[in-house]
Amino acid sequence: MLVFRKAQSHDGARIAALEKAYIECPWSEAVVCQTIDDELSTIYLLTDGDEILGYGGLKMVFDTAEVYNIVVDEKYRRHGYGTLVLEKLFEHAVEHGAQEMFLEVNENNVAAINLYTAHGFRISHMRKDYYKSGNALILKREI
């Protein structure tokens with residue numbers, strides 16, 4: 001049964017392992033744990049029993065939600081779980097009074113860009129050479 005739950009410090013190593021496997025500039029376990037402990041930040045885990053299928057995080061600053069990484073373990077991709085995670089983050093942002101959401105994504109990550117634009121995000125601007133493998137696109141969505 002699929003369940004969302006907020007990450008806790010004991011989840012830090014598992015999240016960091018997924019970061020290392022799928023993110024070009026992964027967060028360390030220490031950074032993940034600092035984020036979990038940050039009162040403005042929330043990381044949601046999509047789980048099935050003890051298995052973490054994916055996760056996503058965001059930080060609320062006044063009326064803006066900054067989306068951190070969204071990751072779905074490769075063996076669970078193409079089942080709509082990325083959409084579920086993004087919708088959970090959107091729900092959290094709305095509940096906490098966000099007026100807009102933004103995120104950055106590697107311009108070469110076509111699947112992620114397609115996910116975000118399908119959910120109302122639009123390209124705002126670009127950060128040149130932000131990643132080793134390409135530029136970062138900044139995407140925004142009004143709520």
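Note: hydrogens, waters and symmetry copies are ignored here, and every other heavy atom, side chains too, is used.
Taking all atoms of both residues into account, the shortest heavy-atom contact from I15 to A7 is CD1-CB, 3.8 Å. Between G12 and E29 the shortest heavy-atom distance is C-CG, 3.8 Å. Taking every heavy atom of both residues into account, I52 and Y76 meet most closely at O-CE1, 4.3 Å. When all heavy atoms are compared, the tightest approach of D129 to N135 is N-OD1, 2.6 Å.
Not a single donor-acceptor pair under 3.5 Å links the side chain of H119 to the backbone N or O of T117. Counting only distance, with no hydrogens or angles, the side chain of N114 and the backbone of A111 share no donor-acceptor pair below 3.5 Å. A donor-acceptor pair under 3.5 Å is formed between the side chain of D48 and the backbone N or O of M1. Within the 3.5 Å criterion, the main-chain N or O of V31 finds a donor-acceptor partner in the side chain of S28.
In this structure, NZ in K132 is found 6.0 Å from SG in C25, a value given to the nearest 0.5 Å. In this structure, CD in E66 is found 11.0 Å from NZ in K140, a value given to the nearest 0.5 Å. Atoms OG1 and CE, from T42 and M60 in turn, are 9.0 Å apart once rounded to the nearest 0.5 Å. Atoms CG and CZ, on L137 and R122 in that order, are 13.5 Å from each other to the nearest 0.5 Å. For the atom pair E51 CD and L53 CG, the distance stands at 6.5 Å (nearest 0.5 Å). The structure places CD1 of I70 at 7.0 Å from CG of L103, a figure rounded to the nearest 0.5 Å.
At a threshold of 4.5 Å between non-hydrogen side-chain atoms, the residues V71 and I23 count as touching. A 4.5 Å side-chain heavy-atom check between I43 and K6 finds every atom pair outside the cut-off. For the pair I36 and S41, the minimum side-chain heavy-atom distance is 4.5 Å or more. Between L2 and L84, some side-chain heavy-atom pair lies under the 4.5 Å cut-off. Here the side chains of E100 and I143 are not in contact, with every heavy-atom distance at 4.5 Å or above. Counting heavy atoms from C-beta on, the side chains of N69 and L18 never come closer than 4.5 Å. Residues Y81 and D73 are not in side-chain contact: their nearest non-hydrogen atoms beyond the backbone lie 4.5 Å or more apart.
For residues 121-143, the ring-ring contact (aromatic ring centres under 6.0 Å, His included) pairs, not counting sequence neighbours, are Y116-F121. Sequence neighbours left out, the pairs with a member in residues 16-55 that pass ring-ring contact (aromatic ring centres under 6.0 Å, His included) are W27-Y68, Y44-H92.
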Item checked: Worked check of salt bridge (charged side-chain N to carboxylate O under 4.0 Å, His left out) between R127 and E104 -> CA-CA 9 Å; R127 292 183 180 151; E104 59 194 33; 2.6 Å; yes
Notebook entry, point to check: Please walk me through it: do E107 and M126 pass side chain to side chain contact (heavy atoms under 4.5 Å, CB included)?
Noted result: CA-CA 9 Å; E107 67 182 348; M126 179 177 61; 4.2 Å; yes
Item checked: Criterion side chain to side chain contact (heavy atoms under 4.5 Å, CB included) on L139 and S124, from CA distance to verdict -> CA-CA 5 Å; L139 281 69; S124 169; over 6 Å; no
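Residues S133 and E24 have side chains that bring a donor and an acceptor to within less than 3.5 angstrom of each other.
Hydrophobic clustering (ILVMFWY, side-chain heavy atoms < 4.5 Å, transitive): V67 and V32 are in distinct clusters.
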